[in-house]
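Note sheet for the following structure.
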Amino acid sequence: MNTHVMDKPVGRTRLDDRTQDIIGKPLDRYEGALKVTGTAPYSHEHLQGEDVAYGFLVLSSIGKGKVTSIDTSAAMEIEGVLSVVEGDNIPRASAEPMSDGHKMANGGVFHYGQPIAFVVAKTFEIARQAAHLVKAAYEEEEGRFKLSDEKGRARISDGGVMESDTKRGDFEKAFEKAEVQYDETFTTPSQSASAMEPHATVAKWDGDQLTIWSSGQLVSSNTTQIATGVGIEESQIHFICPYIGGGFGSKLGIGPEAVLAALAAKKVGKPVKVALTRQQVYQATSRRSEAIQRIRIGCTKEGRITAIAHENWLANSEGNDFFEPAGVSTVFLYAGEDRLVTHRVAQTDVLMTSAVRAPGEAVGLLALENAMDELAEKLGLDPIEFRKINEPDKNPQDDTPFSSRKLLECYEEGAKRFGWTDRPEKPGARREGDWLIGYGMAAGSRKNMIVPSSADVELTADGRLTIRSSMTDIGTGTYTILSQIAAEVLGLPIDRVDVELGDSRLPSGSGSGGSFGANSAGSSVYVACEDLIAQLAKRLDVDPESLTLKDGFAIAGNRQVPIGEIAGGQTLLASGSIKPGETAENTHQASYGAHFCEVGVNAVTGEARVRRLLTVAAAGRIFNEKTAKSQCYGGQIWGIGGALMEDLVVDARSGMIVNHNLAEYHVPVNADIQNLEVVLLDEHDPYGSPLAGKGIGELALAGVGAAVTNAIYNACGARVRDYPMTLDKIIAGMTV
Amino acid sequence: MTTLTVNGKRHEVDADIRTSLLDALREHLALTGTKKGCDHGQCGACTVLVNGRRINSCLTLAVMHENDEITTIEGLGQPENLHPMQESFLHEDGYQCGYCTPGQIVSAVGMLGEFKDGWASHASGDLEGKLDLSDAEISERMSGNICRCSAYPNIVNAIRKASETKETA
Ligand code: FES
Ligand code: FES
């Protein structure tokens, strides 16, 4: 195994030489023909034609307490019901990302809609009917369902993806002394990932070997989680997920149905298929925490920030330590000597909270970037000018150098393309009929990282290459970009590269999450290809550096050999691994972008429509322009949703998620979207990975919502610090 | 037994009286291209054509379709033989995870048929007069198909481009 530890910046590579000229190209997706014909199999679609049973979850109808008894007699009387799984070992919800296993209910009820039993029947229809006949008796306790009520009891947590507190200097003192002060509190709602494919699993036993087809973003830890829940060794599990119908964080930890399907399949002696209903996805997997965010900024009259604080209060259920890292960008986005970012978690008896696309930035930047807009106005500065004054030249938290940061270029390019100078001077200044027009902008950043990842490559005598990794493709374009990386490095025509992913028997890939997938898994493929080149060079008795690889040929001196023939008919195998190293410590890494938005606000109804939205971003090397831009459009649209509509409503009396379906949990639909533009600046980050890339999938969401709501203010004078910015709140806040 | 005609082929289906058309396709006929996103008419992932018109197959029972011609994504085209709308979604990257995609594509084909027949929409300037297939028309008419990956801009591009090729219309 060839392992590359990212201790040093990478120099010039074959990706820079572009001999094959395929890296970055907007190729169609590798698996595209399967997806557009409906022949790519998702989790619930395996074992077609086999004799299977169907499972259906039974959820609790109280929010807090104990299950005292479960009466399954009426359910068992239905013809075709095979079994009802109940008892202690039932997952409360999804497993926490990267954890060893689910939190189990053990007879307790920790949130409304918690799994309490699992019915298995001959058909889906029978299982569903029987599930409704399972009767539970409870001992109900008083629940805590509102973050605002529990805020005073919130505690530090060490289970987050960042330190709960980061401090520099003495914020309170500096803030008190500041010439200009800003102090406002924002509330952002709970949200749901709402991937279109519900969490689903097919479980099949062969003796003591378990095959699981399930939707998991992180194959390695998902396999561990199932092993723990079922009580077997990981080596007994074959976990398969070649296609995932969207995850957005909600499938980082495996859903509650996977363990139950495996236990049930053992019990009934045949494979079990189960998909959560849409309501169950909302009620029994995971969600983004609601947040209370206080922003304080002190600055000079000229607009130089001297003190900046972002204090956050988040919710999670008992025993779950994750917190929405809402202050993550405030740590480094703007200058200022005295700084404070804190997170406190309050226990509530509501479904656990976990990562949803761009955890932290998605909601934290709403508050920070609204605050920057308000403060710019107070100072009489253009919002871009104010941000430029406070652009740090190194990480303001600890003085580490930025690995790369093109935020100023993003502002400039964006302002030019958008026509920022044409911005209406003040609320109400531009009107077209009933529509008030406004412009707004915001900055965005997303922390960058790589995580350990491995891949194999196999070169056969016919000159074809196969890449293998347990890495997943959740719609991000992984199949395609891995093939492009290998084709570029090995000089292969793209149609000679095959990719196999999403299988626990393959080398352990990073999985998809935190925007680390492309760089981590891609780097492992890169390292494996480098190893393969070394093998080829050795056989040709030349230096790897002097070997030119192009169009399936190896060219050295005056020799030109088809690459597959170098090993004399043998198959060549190479392995590669990547690990984060010193560059993660001695540089500060993030992707950056600037968003520019034009809205129309209806002066009569308060309806806000995004008329155009431009994102200019710099995220290191782009591996496929088409799939990268698609990710960015997706991020922009999530940003619009977060600003204007997404709001997971919890009933404060019972903890029930009231709008647990796609008609009432509003996500953007096609008619909500028009005129999106994404510009990716040329950038290479040699500290980020051997590919010189950085994460992009979440960046395009980070800050978008604030650009939208800043534009709403510019249009009509409404500042709303309680998200989402729905029309009732806009009307109430309008000043024109 | 229910007789269903799907993609030009007759099938005998031994399904529960409560089996939706969607579950009959997916669980009885192994036609899993049609997806289940919500099972109650909110997402469009299950869109199929019944006698040429698009419907949500989760909202109708299989037994109600004995004499109907049902077309699913598998009937439009196959990986080696793509329908122009499939081809267009592929080239325009009108999808990401691919889960809503069969529904989007079948819906788009059905939508163009409705458009051709002069059905107006909320975005139409005029209920009677000539319709113009603007982006706003496409977006409006495709809003029953949710895409959480949010491929909407490329979905609109794909449909516009496909509508310009003869075979689709
Ligand atoms: S599955 Fe039929 S509309 Fe959602
Ligand atoms: S492509 Fe993923 S939901 Fe549409």
Side-chain angles (χ1 to χ4, degrees), chain A residues 26 28-29 31-42 44-45 48-49 54 123-126 129 193-198 243-248 273 275 277-278 473-477 626-627 629-631 633-638 641 661-663 667-674 676, chain B residues 15-16 18-19 23 26-27 30-43 45 72-74 76-80 82 85-87 89-91 93-102 105 122-123 135-136 138-140 142-156:
Chain A
D28 294 345
R29 283 174 205 251
E31 77 288 13
L34 299 181
K35 283 183 174 170
V36 300
T37 53
T39 45
Y42 295 83
H44 195 263
E45 296 162 4
Q48 288 303 328
Y54 291 83
T123 70
F124 169 66
E125 292 78 15
I126 296 170
Q129 179 192 4
S194 299
M196 291 309 297
E197 179 204 24
Y243 300 100
I244 299 174
F248 316 110
K273 290 175 94 168
T277 65
R278 178 51 58 183
D473 187 333
I474 59 173
T476 37
K626 190 182 279 195
T627 56
K629 279 199 173 166
S630 287
Q631 283 282 294
Y633 292 137
Q636 288 182 310
I637 293 168
W638 274 61
N661 60 71
L662 286 164
V667 300
V669 299
N670 206 320
D672 293 316
I673 304 305
Q674 55 186 323
L676 303 188
Chain B
D16 195 303
R18 298 164 294 184
T19 302
D23 285 327
R26 286 175 62 83
E27 305 305 326
L31 292 168
T32 54
T34 310
K35 304 301 181 197
K36 185 186 282 193
C38 71
D39 214 12
H40 55 293
Q42 297 179 337
C43 75
T72 68
I73 188 75
E74 291 91 346
L76 287 185
Q78 303 75 44
E80 271 71 51
L82 297 178
M85 188 63 78
Q86 293 171 322
E87 187 110 40
F89 267 70
L90 178 59
H91 292 321
D93 213 35
Y95 61 101
Q96 290 174 37
C97 76
Y99 197 77
C100 75
T101 313
I105 291 172
H122 173 71
D135 286 357
I138 297 176
S139 287
E140 174 64 27
M142 290 301 293
S143 284
N145 289 83
I146 295 177
C147 176
R148 188 53 161 165
C149 295
S150 302
Y152 301 128
N154 292 346
I155 289 171
V156 172

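Worth saying up front: this structure is predicted, and the values here are computed from it rather than measured. Here is how names work: the chains are called A, B, and so on, in the same order as the sequence lines, proteins then strands, and each is numbered from 1.
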Within the distance-only criterion (no hydrogens, no angle test), does the side chain of [X] pair as donor or acceptor with the backbone N or O of [Y] below 3.5 angstrom?
{"X": "A:D672", "Y": "A:V669", "result": "yes"}
{"X": "A:T37", "Y": "A:L34", "result": "yes"}
{"X": "A:N670", "Y": "A:I673", "result": "no"}
{"X": "A:W638", "Y": "B:R148", "result": "yes"}
{"X": "B:S139", "Y": "B:D135", "result": "yes"}

At a heavy-atom separation under 4.5 Å, does [X] approach chain A through its side chain, its backbone, both, or neither?
{"X": "B:A30", "answer": "both"}
{"X": "B:E140", "answer": "both"}
{"X": "B:I105", "answer": "side chain"}
{"X": "B:D93", "answer": "both"}
{"X": "B:T101", "answer": "side chain"}
{"X": "B:H40", "answer": "side chain"}
{"X": "B:I155", "answer": "side chain"}
{"X": "B:I146", "answer": "both"}

Under 4.5 Å heavy-atom distance to chain B, tell me which part of [X] shows up: side chain, backbone, both or neither.
{"X": "A:T39", "value": "side chain"}
{"X": "A:A193", "value": "backbone"}
{"X": "A:K273", "value": "side chain"}
{"X": "A:I244", "value": "backbone"}
{"X": "A:Q674", "value": "neither"}
{"X": "A:T627", "value": "both"}
{"X": "A:A663", "value": "both"}
{"X": "A:Q636", "value": "neither"}
{"X": "A:I474", "value": "backbone"}
{"X": "A:N661", "value": "both"}

Find the one option among [options] whose heavy-atom pairs under 4.5 Å with chain A are most numerous.
{"options": "B:E27, B:H122, B:E80, B:E87", "value": "B:E27"}
{"options": "B:G77, B:G33, B:G37", "value": "B:G37"}
{"options": "B:C97, B:S150, B:C147", "value": "B:C97"}
{"options": "B:P102, B:C149, B:G41, B:C100", "value": "B:C149"}

Practice prompt. Decide salt bridge (Lys or Arg N to Asp or Glu O under 4.0 Å) for A:E197 and B:K35; before the verdict, give the C-alpha distance in whole Å, the side-chain angles of both, and the deciding distance to 0.1 Å.
Written response: CA-CA 8 Å; A:E197 179 204 24; B:K35 304 301 181 197; over 6 Å; no
Heavy-atom side-chain proximity of [X] to [Y] below 4.5 angstrom:
{"X": "A:Q129", "Y": "B:D16", "result": "no"}
{"X": "A:Q48", "Y": "B:T32", "result": "yes"}
{"X": "A:Y243", "Y": "A:E31", "result": "yes"}

Worksheet item: Which is it for A:Y42 and B:Y99 under the ring pair (Phe, Tyr, Trp, His ring centres under 6.0 Å) test, yes or no, and what are the steps along the way?
Response: CA-CA 8 Å; A:Y42 295 83; B:Y99 197 77; 5.2 Å; yes
Item to complete: Could you walk me through whether A:R278 and B:D39 pass the salt bridge (Lys or Arg N to Asp or Glu O under 4.0 Å) test, one step at a time?
Response: CA-CA 7 Å; A:R278 178 51 58 183; B:D39 214 12; over 6 Å; no
Discussion item. Under a 3.5 Å threshold, yes or no: a donor from one side chain and an acceptor from the other, between A:E125 and A:Y54?
Written reply: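 No donor-acceptor contact under 3.5 Å links the two side chains.
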Closest-packed option against chain B by number of heavy-atom pairs under 4.5 Å, given [options]:
{"options": "A:G634, A:A275, A:S630, A:G49", "value": "A:S630"}
{"options": "A:V667, A:T277, A:T123", "value": "A:V667"}
{"options": "A:G32, A:G247, A:A40", "value": "A:G32"}

Practice prompt. Answer yes or no for A:R29 and B:Y95: cation-pi contact, defined as NZ/CZ to six-membered ring centre under 6.0 Å and angle to ring axis within 45°.
Written response: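 Satisfied, under 6.0 Å and within 45°.
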Fill in: Cation-aromatic face contact B:K36/A:F124, 6.0 Å, 45 degrees
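B:K36 over A:F124 ring: yes.
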Worksheet item: Could you give the distance from OG1 (B:T72) to CG (B:L31), rounded to the nearest 0.5 Å?
Response: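 Between atom OG1 of B:T72 and atom CG of B:L31 there are 5.0 Å.
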